[in-house]
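Predicted, not measured: the structure shown is a model, and the values here were computed from it. As a basis for the values below, the full set of heavy atoms in this structure was taken, side chains included, without hydrogen atoms, waters or symmetry mates.
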Amino acid sequence: MANSSELEDQVMQQEATAQLSRESTSPTAVSDNIERTTGQHQARIINGEKQEVEIHTWNGPDDPDNPFNWSLKYKWFLTVTVCFISILTGLPAGSYGSGNVYMASRFHVQNVPFPNLYWATASWNVGAALFPLVFVPLTENTGRMPGYFVAYIIFEIFLFPSAFAKNFATLVVTRFFGGGASSVSINIVGGSISDVWRGDKARSLPMSLFGFTSVAGIALGPFVGSAIVQIHKPDRGLESPWRWIYYIQIIYNGALIPLFYLILKETRGDVILARRAKKLRKLTGRPVYAESELEKTSVLKLLKISFKRPTKMLVTEPVVTFFTLWISFAWGILFLFFSSVPQTFSVNYGFGIFQTGLIQLAITVGALIGTLINPFQDYLYLQTASRNTERPGKPIPEGRLYTSIPGSILFTGGLFMYGWSSQPHVHWIVPTIGVCIVGLGIYSIYMGVVNYLIDAYEKYAASALSAASLGRNAFGAFLPLASYQLFQNLGFGWAGSLLGFIGLALSVVPVVLVLKGRDIRRRSPFMLEATYDSAESNERRNSWYAVKDRPGPATVAGGPPSATRAEA
C-alpha cells in the first residue's frame, strides 16, 4: 500500500509539472522537478485550523521565474516602459493650464487676481496625495500589474468627462480622480524597479531614470498642452482648442494599453510564488502555500497601517518632518512655475502660450542634467561603505545626500536668478537659465529625499515615502494659488527672493543630516526597528538607551523603541 501511494504521488507530481509547464504565463515558470519548488513542511493555521503545509519557494538562486534573474535586456525594457508610463500619467497635471484663456471664457471663471482655474490642478494634486495611501499598499498582495492597469484605465476613463465637461465643477471633480489614478501608477514604478534590480549598485541607474521621469512627466505638461492648443480649431463647443488637450491624450493613452499589456509582466516575487503555489494546490491537492499567502495582512489592517503609520511618522519623526518640508517646497515650486512663468514672460517679453510652454521645458532640461550627474552621486554613496562602522561593507544612508546639498543651493540660487532677471531689459534667456537651474535643484532634492528615506527606514520606507508624498502633493496643490498676487504685489525680484530665502533655510536639512545623521538615527524609534540587520538593530538600540540615560533633552524623538511601537 505504501509503495502504491508513493507511485500515485510521483505520477501526480509529474502530471502537475507538465500541466504547469503548459499553462504558466512564463515558459520557464516551474522546474521539471516539483519537489525543488517546495521548502520545508510547517504547521500553520489555515482557515482557522492547524495544518501541516509545504512552503513553496524559489528553485534555488537561479530560478528563472525570480525577477532578479530575468535577462538584463528585459529588465531594461520593463524599466523604460514603466518610466514611460510615469511620464504619460504625469502630463495632464501641467498640460491643463494651457487652455486657461479658453476655459475662462467658456465657463465664465475669473482667473485674475485670484487663479480660480487652478482649483482643477489643486484637486488633481489632492487626489495624487490621497490615492496612493489607499491603493499602493494593496499592490504588495495583489501584484504590481493589476495596480498599473487598474490605475491606468481609471486615469484614461476620467480624461473623458474632463474633455466633454459642460461646467468647471466637472473639471475639478474629474481631475481629482484622474490625479489620484495617475499618482498610483507613478508610485508603483519605484516598487517595480526594486522588484527586478538587486542591490544599490544595480538600482542606481534605473532609479535615476525614474527620478527624471517623475519630474519630467509633470514639467513637460505645459509644453505638450501649449503645442496642442495651437491646432487650428474654432473656439466653440466640442471643437474648442482646450478640449483637444484631452482628446489627444485620450487617443494615445488608450492606444498604448494593449502594448503595455503585451510588454509587462508581474514583478512582485511574493505574488509570483503565490500564483505558482495556487496552481500546485489545484493540480495536486496538496497543501502547498507560498510564505506570503500564510502571512498575508488583511486589506482592512493594511489600509489602517497605510494611513496611520505615515501620519505618525510625519509628526513624530523629525527626519520625515523636515524632509517632507524640503521636498514639498521644491514640488510646490514646480507647480508654481505653471502659473508664474506665463505671468512673468508674457508681461516682460510679450510671450504667448506656446512660447511660455517652451520656456518651461527648461525644468526638464535641468532634471536631465541632474540625471547625468547622478551616477557621480551614486559613486560617492557606494564609497562610504569602506568607512561604515555600524554595518561594515554597507553604504551609509547620509551618503545619499552629498550632491543634494549643492543641488539645494542651486535650487535657491535659481529662484533668485529667475526673480531678479525677469525684467524687460534683461534677455529672456537669463530667467530661462534660472528656471533650468531650479529644475536641476528639484531633481537633486527629489532623489536625495527618496533614496535617503529608503536607506534609513528600510522596513518602513514605504510609509516614510507616503508621508513625503502626502506633503509634496499638498504643497503642489495649494502653494501655486498664491503665485499671481505674490509676483504682482512684491514684484518679480522680491517674490523670487522670498521663495529663495525659504529654499535657503530648508537647505540646512541635508547638511544637518550629513553631519549628525548617525546620532539622529540612533534617537529615532522607527529607525531603531527599521533595519533588516538584527545586529545593527541591537547596536542602535543599545546606543539609544545610552543616550536616553544621559541628562538633557536627548529623547525628544520618542519613547522607548519597540517593534510594536514602530508598527503602530
Side-chain angles (χ1 to χ4, degrees), residues 93-101 103-104 110-122 124-125 215 218-226 328-367 410-424 426-442 445 472 475-504:
S95 63
Y96 158 85
S98 300
N100 279 353
V101 173
M103 289 185 288
Q110 184 176 341
N111 208 39
V112 175
F114 187 84
N116 286 294
L117 284 171
Y118 191 82
W119 285 115
T121 299
W124 174 281
N125 280 310
V215 176
I218 295 172
L220 284 170
F223 167 70
V224 172
S226 64
S328 296
F329 180 70
W331 213 249
I333 295 297
L334 173 61
F335 279 88
L336 181 140
F337 274 174
F338 293 167
S339 53
S340 73
V341 166
Q343 180 184 358
T344 56
F345 280 81
S346 62
V347 170
N348 292 322
Y349 306 109
F351 282 11
I353 295 173
F354 183 62
Q355 290 169 305
T356 57
L358 284 171
I359 295 297
Q360 292 184 77
L361 281 177
I363 299 175
T364 303
V365 173
L410 283 172
F411 171 72
T412 298
L415 289 172
F416 279 105
M417 183 177 179
Y418 168 68
W420 287 107
S421 64
S422 293
Q423 306 293 335
V426 179
H427 194 280
W428 60 265
I429 196 64
V430 180
T432 302
I433 292 172
V435 173
C436 179
I437 293 172
V438 171
L440 170 59
I442 291 172
I445 293 169
R472 66 184 170 90
F475 267 68
F478 299 111
L479 181 62
L481 291 172
S483 173
Y484 181 84
Q485 293 194 354
L486 178 69
F487 283 84
Q488 181 72 19
N489 296 335
L490 293 182
F492 299 146
W494 284 110
S497 296
L498 175 61
L499 297 173
F501 282 126
I502 296 173
L504 183 62

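Scanning both residues, A219 and T364, for their nearest heavy atoms gives CB-OG1, 3.6 Å. Nearest heavy-atom pair, G414 versus V438, reported as atom, atom and distance to 0.1 Å: C-CG2, 3.5 Å. Listed here is the closest heavy atom pair of G476 and N125: O-ND2, 3.1 Å. Considering every non-hydrogen atom in both C436 and V365, the closest pair reads SG-CG1, 3.9 Å. Minimum interatomic distance between V426 and S421 (heavy atoms only, all atoms of both residues): CB-O, 3.4 Å.
Interatomic distance, T412 OG1 to F329 CZ, rounded to the nearest 0.5 Å: 7.5 Å. Distance check, rounded to the nearest 0.5 Å: OG1 of T121 to CG of N100 gives 7.5 Å. To the nearest 0.5 Å, atoms OG (S340) and CD1 (I333) are separated by 8.0 Å. Y118 OH to Y96 OH: the interatomic distance, rounded to the nearest 0.5 Å, is 10.0 Å. The distance from atom CZ of R472 to atom CD1 of I442, rounded to the nearest 0.5 Å, is 11.5 Å. The structure places CD1 of I359 at 8.0 Å from OG1 of T356, a figure rounded to the nearest 0.5 Å.
The shortest side-chain heavy-atom distance between W119 and F114 falls under the 4.5 Å cut-off. Taking 4.5 Å as the limit, every side-chain heavy atom of L415 sits out of range of all side-chain heavy atoms of F501. The side-chain heavy atoms of Q360 and V435, taken from C-beta on, include no pair separated by under 4.5 Å. V112 has its side chain within reach of Y484: a pair of non-hydrogen atoms, C-beta onward, lies under 4.5 Å apart. Using a 4.5 Å cut-off on side-chain heavy atoms (C-beta onward), F411 and I437 make no contact. Looking only at side-chain heavy atoms (C-beta outward), Q488 and P113 stay at 4.5 Å or farther from each other. Looking only at side-chain heavy atoms (C-beta outward), P431 and Q423 stay at 4.5 Å or farther from each other.
Of the N and O atoms on the side chains of S422 and T344, not one donor lies less than 3.5 Å from an acceptor on the other residue.
Between the side chain of Q485 and the backbone N or O of A482 there is no donor-acceptor pair closer than 3.5 Å. For Y418 (side chain) and I433 (main-chain N/O), no donor-acceptor pair under 3.5 Å exists by modelled atom type. A distance-only check finds a donor-acceptor pair linking the side chain of S98 to the backbone of S226 [under 3.5 Å]. N116 places no side-chain N or O within donor-acceptor distance of the main-chain N or O of N111, the cut-off being under 3.5 Å.
Between F351 and Y349, the ring planes are tilted. Angles from 30° to 60° get that label.
Applying the ring-ring contact (aromatic ring centres under 6.0 Å, His included) test between W494 and each of W420, F487, F416 identifies W420 as the sole match.
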